[in-house]
Amino acid sequence: MAALKSLLILSIVATSFINIGFARHHKLPIVLIHGGAGDITDDRIEGKLKGVKLAAQIGYMTLTNGGSALDAVEEAVRSMELDENFNAGYGAVLTWDGEVEADASIMNGANLNAGCVSIVKNILHPISVARSVMEKSQHTYLAGEGVMRFAKDKGFEILPNGTLVTESAKKALENYKNQTVELKENHKYFGEPGTVGAVAIDAEGNIAASTSTGGLTGIGRIGDSSILGAGTYADNAMGGISATGHGETIMRYNLASRILHLMKFRGMSAQDASKTALEAMTKHFNETAGVITMDVFGDVGIYFTSKRMAWAYQRYNEIHFGLEKGDDYMEIIDQS
Ligand code: GLY
């Protein structure tokens, strides 16, 4: 009788653990996207929202078709690198000399492997070069001539000069050059915002993050997007983040790392941690940014101190999206 009672108690305890486990993971999988934070002009709103929603769907489909969280964040970012509404791949912001110099990074939260690249020229998908650095080199970060040689060696197509340069990027550079010295020094115009990023968590709780950007106008300038703990981070034990905004500030504040620490060690939600860190950063540096954050259970944080940030996520057949502060629109996707 005593043995039966113990068995019963054990089985109740085991059932509770299973239920807690299920309750905690019932929100998975999910793919969360941003398409850049900043002074997004009205004429760009429609294109950016369309692009982030498409990227969320592509990432989600990648997961549900058996791909990993890493595959999902790579595919989602690749779709935005093709879209001139974003500052990444085709349509990226130009250097002072009128070229695209891209930065990107990708991180696998399951084993903390990562690949980072900077000053990538004439390659359509810097995010895939970053993944290749992670998987096919003995290094974590390659830049400049080194990354170009590596990419060529791994079979990436090196496009003719000017292929990634759009009319709108040329116009933005022209406008930038015509700004007053004072405005330039105050970072008031560096081209259009639109760094892209993705964070995904699969049904088993594996997290991955990726970020890709053309950065800001400059030469040899590297922003936060390719820097782990600043613009990108993923750790299955902590969560995942991709940031966007003023890279010089984000890297000095180590933004991604601070948000994850607020979640892990102060018990904050993804939303509260994102808000707390971003507001403190903006107060200290008087510069703005935005983040997408995911915790280990698939709860999301979406926050920006910039004027606008395009974002979207897909969970089940629901796409949530927005761009202004307080937005949370929802559309049902027909998955049949
Ligand atoms: N956050 C993108 C950059 O500053 O390069």
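One-based numbering, in listed order, for ligands and for the atoms of each.
The closest donor-acceptor contact from the side chain of Thr293 to the backbone of Val300 lies at 3.5 Å or more, if one exists at all. A side-chain donor-acceptor contact under 3.5 Å links Asn87 to the backbone of Gly215. Thr232 places no side-chain N or O within donor-acceptor distance of the main-chain N or O of Ser210, the cut-off being under 3.5 Å.
Gly245 counts as a contact of ligand 1, since one of its heavy atoms falls under 4.0 Å from the ligand.
Ranking the protein heavy atoms by distance from atom 5 (O) of ligand 1 puts Arg221 NH1, 2.7 Å first.
The distance criterion of under 3.5 Å between nitrogen or oxygen atoms is met by Asp224 with respect to ligand 1.
Within ligand 1, counting atoms from 1 as listed, the ones closer than 4.0 Å to a heavy atom of Gly215 are 5 (O). Each of the atoms 1 (N), 2 (C) of ligand 1 lies under 4.0 Å from some heavy atom of Thr195. Close approach of ligand 1 to Gly223 is summarised as follows: ligand atoms under 4.0 Å from at least one heavy atom of the residue are 5 (O). Each of the atoms 1 (N), 2 (C) of ligand 1 lies under 4.0 Å from some heavy atom of Ser225.
A side-chain donor from one of Glu74 and Ser128 sits under 3.5 Å from a side-chain acceptor of the other. Looking only at atom types and distance, the side chain of Thr62 has no donor-acceptor partner in the side chain of Glu75 under 3.5 Å away. For the residue pair Asp97/Thr95, the side-chain donor-acceptor check at 3.5 Å is not satisfied.
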